[in-house]
Number of protein chains: 2
Amino acid sequence: MLKSNQAPELAEARQQGYVNISEAAQATGVSAKMIRHYEAIGLTPPARRTLADYRVYSESDLHRLRFIRRARNLGFPIKQIQVLLDLWNNQERASADVKQLALARAHELAERIAEMQAMQRALEDLAQRCYGDGRPDCPILDDLSGEQH
Amino acid sequence: MLKSNQAPELAEARQQGYVNISEAAQATGVSAKMIRHYEAIGLTPPARRTLADYRVYSESDLHRLRFIRRARNLGFPIKQIQVLLDLWNNQERASADVKQLALARAHELAERIAEMQAMQRALEDLAQRCYGDGRPDCPILDDLSGEQH
DNA sequence: CTTACGGTTACCATATTGGCAAGGTCAAGC
DNA sequence: GCTTGACCTTGCCAATATGGTAACCGTAAG
């Protein structure tokens with residue numbers, strides 16, 4: 001009567017410590033939508049299924065999802081998270097590889113931050129020179145028009 | 001023999017001071033691809049065409065494209081550029097409207113910058129605590145795993 | 001006339017996330 | 001046992017802005 005080997009029913013899977021996708025989402029902070037998406041693009045291995053094709057997740061699956069969420073919070077794109085997951089699973093990894101990824105990411109962030117700070121400064125400079133009242137004169141639009149000042 | 005009123009041939013349009021799309025791209029720094037795209041989404045009015053359906057651009061068309069490029073360089077999204085273009089064309093605009101857009105954009109940028117700086121700091125902290133040699137121990141992966149330190 | 005270049009439209013792709021629709025499943029209450 | 005509501009499934013569409021490709025036709029120069 002027990003069919004625990006391949007595709008259990010949901011209640012049975014739960015007894016074995018599995019959770020369904022919405023519980024996994026709540027437990028990891030990754031939306032159900034994204035959990036399915038990560039599986040579809042191969043970032044995570046195909047989830048185990050019940051007889052009714054419901055996805056169920058073990059504690060180690062949840063662990064991996066939390067890993068992904070934290071990496072996303074650090075701004076890593078999916079491709080790099082793929083590499084990080086490989087390194088995470090690889091006992092013979094060299095920490096140098098991981099450090100290099102982290103520093104490369106930090107460097108990219110620094111460059112983007114510098115660009116955005118330049119934009120922000122330019123906008124605030126322009127806004128400061130703009131009266132901001134009912135008059136139509138506007139140094140901001142003048143600057144966008146390419147007028148010399 | 002002259003058919004300059006509606007749809008001239010390319011040579012004729014050129015004599016009237018029009019340029020074709022690749023010249024417009026070079027003159028404004030907006031790629032031909034993007035010029036067509038901006039037209040398709042209604043950011044710019046439909047370009048004038050020659051008999052053979054080639055787009056041709058007047059100096060004021062180029063002026064508008066340069067305006068768009070500068071606004072993009074300041075990080076304005078297309079939707080806001082639409083508003084900026086309207087204000088630019090509107091003689092009765094109030095500079096307050098433009099200033100508000102610029103400051104709102106500056107504010108968004110500041111928020112994104114703060115987030116990214118937090119990521120960057122976190123990454124550099126982690127990298128600094130990582131030996132970065134051949135050993136597998138790696139505080140970066142430990143942190144992503146959620147281990148307490 | 002041929003050739004090379006460049007224009008045209010219409011797709012596809014990126015990366016990430018949200019939303020919706022149609023249909024099947026689970027659990028609880030009657 | 002049946003109904004009901006919540007939840008699962010897949011698949012498709014949406015957004016951001018930009019790049020690429022393919023098939024077809026126009027233009028300019030030899």
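Each chain gets a letter, A, B and so on, in the order the sequences are listed, and its residues count up from 1. This structure is a prediction, so every number in the text was calculated from the model and none was measured. Worth knowing before you read on, the calculation uses all heavy atoms, side chains too, and leaves out hydrogens, waters and symmetry mates.
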Those residues at least two apart in sequence (or on a different chain) that pass ring pair (Phe, Tyr, Trp, His ring centres under 6.0 Å) with Phe67(B) are Trp88(B)

Does the protein touch nucleotides 6-14 of chain C at the base, only the backbone, or not at all? Give it as B, S and - per nucleotide, heavy atoms under 4.0 Å.
BSBBBB---

For Glu39(B), the option from Arg55(B), Arg64(B), Arg48(B) that meets salt bridge (charged side-chain N to carboxylate O under 4.0 Å, His left out)
Arg55(B)

To the nearest angstrom, the CG-P distance between Leu74(A) and dT16(C) comes to 14 Å

Could you check how far NE2 of His37(A) sits from C1' of dT10(D), rounded to whole Å?
15 Å

When you measure from the side-chain N and O atoms of Thr50(B) to the phosphate of dG26(D), is any distance below 4.0 Å, counting only OP1 and OP2?
no

Taking CZ from Phe76(A) and P from dA15(C), how many angstroms apart are they, rounded to a whole number?
16 Å

Euclidean distance, Phe76(B) CZ relative to Ile81(B) CD1, rounded to 0.5 Å
8.0 Å

Distance col, row Leu141(B):CG vs Leu101(A):CG, nearest 0.5 angstrom, shows 9.0 Å

Atom-to-atom span, CD1 of Ile35(A) to P of dG18(C) - whole angstrom
12 Å

Take the protein atom CG of Leu10(A) and the nucleotide atom P of dA28(C), then report the distance between them rounded to whole Å.
11 Å

Given that Arg14(B) and Arg72(B) both sit by DNA chain D, which one's nearest nucleotide is further toward the 5' end?
Arg72(B)

What stems, by residue range, does DNA chain D take part in, given at least 3 consecutive Watson-Crick or G-U pairs under 3.5 Å?
C:1-14 with D:17-30, C:17-30 with D:1-14

